[in-house]
Amino acid sequence: METLGTMHHLIQTSMLNTQEIHTILSRANTLAKQNLYPQTLKNKTIITAFFENSTRTLSSFEIAAKNLGAKVIRLDVSRSSTSKGETIADTAANLNAMHPDAIIIRHKNAGAPEHLARFITCPIINGGDGARAHPTQALLDLLTIANHYHQENLNSSSINLNLKGKRIGIIGDIKNSRVANSNLELLPRFGLNITLIAPPHFLPKTNLPTSHSLKDCIDKLDILMSLRTQTERHSAQVYGSLKDYAKDFCIRKEMLKDRDIILLHPGPVHHNIDLADDLFLDNRCKILNQVSNGVLVRMAVIEHCLGIKI
Ligand code: NCD
C-alpha cells in the first residue's frame with residue numbers, strides 16, 4: 001500500500017543522499033521485473049514543460065509517469081504563452097494554480113529549475129538545465145554500469161552500487177555537457193575513477209586526470225562514456241570540423257580489441273564522430289540498455305519526488 005511521505009525536488013544529484021540513491025535504483029530494478037506496473041501514481045497529474053528539444057528524455061519521463069498510472073499533460077512550449085513574452089515565473093505560477101503533483105522541466109538556462117521552484121508548491125524534476133545538470137541521466141548511467149558489474153542486482157531486492165576501482169573515461173565536449181557534469185558529481189560517490197578525454201577546448205577546469213588522446217588511455221579504462229559535441233552551445237567554431245575531431249576521439253571497434261569494456265552514450269549520437277557504426281551491434285555497447293533503464297529510473301524518481309512510500 002502506498003502512503004505519502006515528504007515531497008522532494010530533484011535538481012542535481014547532490015540533492016540525493018546515498019541511501020536515497022540506493023532506494024531509487026533498487027526500485028528501478030524491482031520495477032524491471034513487473035509484468036504489470038503498480039499504479040502508484042493513479043490520480044496524479046504530472047506536467048512536462050520542455051523548453052528545449054528532446055527525444056529520449058521527454059518520452060522517457062512521459063512513459064515512466066504513464067506506466068505508473070499518472071495523467072501526463074505536456075506543455076506545448078512552441079504554442080505556450082512563453083512564446084508571447086510571458087516570463088517563466090508567470091508560466092510556473094499559472095501551471096501551479098492548476099495543482100499538478102509534479103512538474104518536469106528542461107530549459108536552456110542553467111538554474112531555471114530552482115527559479116521555477118520558487119513559484120510552485122509541487123516537486124520540480126530537472127530534465128536538463130543548460131550545460132549544468134541532468135540528474136536522471138546520471139542516475140540511469142550509474143544503474144547501467146552497476147547492473148553490468150553486479151549482475152546479481154537483477155535477482156536481488158537490494159542493489160550493489162560499489163564500483164570501487166572501476167575506471168571510466170568521459171570523452172568529448174565535457175565542458176558544455178550537463179550529462180558529464182551530473183556524472184562528475186555522481187559517479188565518484190560510488191568509487192569510480194574518472195579520466196576526462198577531450199581536446200583542450202572541451203575540457204573544464206578540473207583536478208581529475210585528463211588526456212587529449214583516446215588511443216593513449218583506452219587500454220587502462222573499463223567504461224567509455226562518449227558525449228555529443230554540443231554545437232548549439234558553442235559561440236564560435238572551436239575545431240576544424242567534426243571529422244577532424246573524430247580522427248582523435250571517435251571510438252572504433254579495433255580500439256576495444258576483445259576487451260571487457262562497456263560503451264555508454266546519452267544520445268543523440270553523431271554516427272562515426274562519437275562512435276563508429278559497427279559498434280552499435282556490439283554487445284559491449286549499452287546505449288539501448290541506458291534508454292530502457294531511463295524509463296525505470298524515472299519511474300522510481302517520480303515516486304521518490306512525490307513522496308510515495310512503497
Ligand atoms: C542529452 C541532453 O539533452 O542533455 N541527451 C539526453 O538527454 N539523453 C545529451 C545531448 O544533447 O547531447
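All values derive from a computational prediction rather than experimental measurement. Order of appearance sets the numbers: ligands from 1, and atoms from 1 within every ligand. Just so you know, these numbers use all the heavy atoms, side chains as well, and skip hydrogens, waters and symmetry mates.
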Does E52 come within less than 4.0 angstrom of ligand 1, counting non-hydrogen atoms of the residue?
-> no

Taking the minimum heavy-atom distance to atom 7 (O) of ligand 1, which of H265, H134, R56 ranks first?
-> H134

How far is atom 3 (O) of ligand 1 from its nearest protein heavy atom, and which residue and atom is that?
-> R178 NH2, 2.9 Å

Do ligand 1 and P266 have nitrogen or oxygen atoms that lie under 3.5 Å from each other?
-> yes

Is the shortest distance from a heavy atom of G294 to ligand 1 less than 4.0 Å?
-> no

Does a salt bridge link R27 with E20, judged by any charged N lying under 4.0 Å from a carboxylate O?
-> no

Note: ligand 1 atoms sitting under 4.0 Å from heavy atoms of T57 are 6 (C), 7 (O), 8 (N)

Could K253 and D278 be called an ion pair, given the rule that one side-chain N must be under 4.0 Å from one carboxylate O?
-> no

So is G128 in contact with ligand 1, going by heavy-atom distances below 4.0 Å?
-> no

For atom 11 (O) of ligand 1, the closest protein heavy atom turns out to be R228 NH2, 2.9 Å

Taking side chain as C-beta onward, heavy atoms only, is H265 less than 4.5 Å from R228?
-> yes

Is E114 salt-bridged to R132, cutoff N-O under 4.0 Å?
-> yes

Which atoms of ligand 1 sit under 4.0 Å from any heavy atom of G267?
-> 1 (C), 5 (N), 6 (C), 8 (N), 9 (C), 10 (C), 12 (O)

Check A276 against C250 and note the closest heavy-atom contact, atom names and distance.
-> N-SG, 3.7 Å

Indicate yes or no: does an N/O atom of V179 lie under 3.5 Å from an N/O atom of ligand 1?
-> no

Could you tell me whether a side-chain N or O of K286 sits under 3.5 Å from a main-chain N or O of N283, the two making a donor and an acceptor?
-> yes

Would you mind reporting whether I46 and I104 have side-chain heavy atoms less than 4.5 Å apart?
-> yes

Report yes if some heavy atom in the side chain of T136 is under 4.5 Å from a heavy atom in the side chain of N126; otherwise report no.
-> no

For R106, the ligand 1 atoms with a heavy-atom partner under 4.0 Å come out as 2 (C), 3 (O), 4 (O), 7 (O)

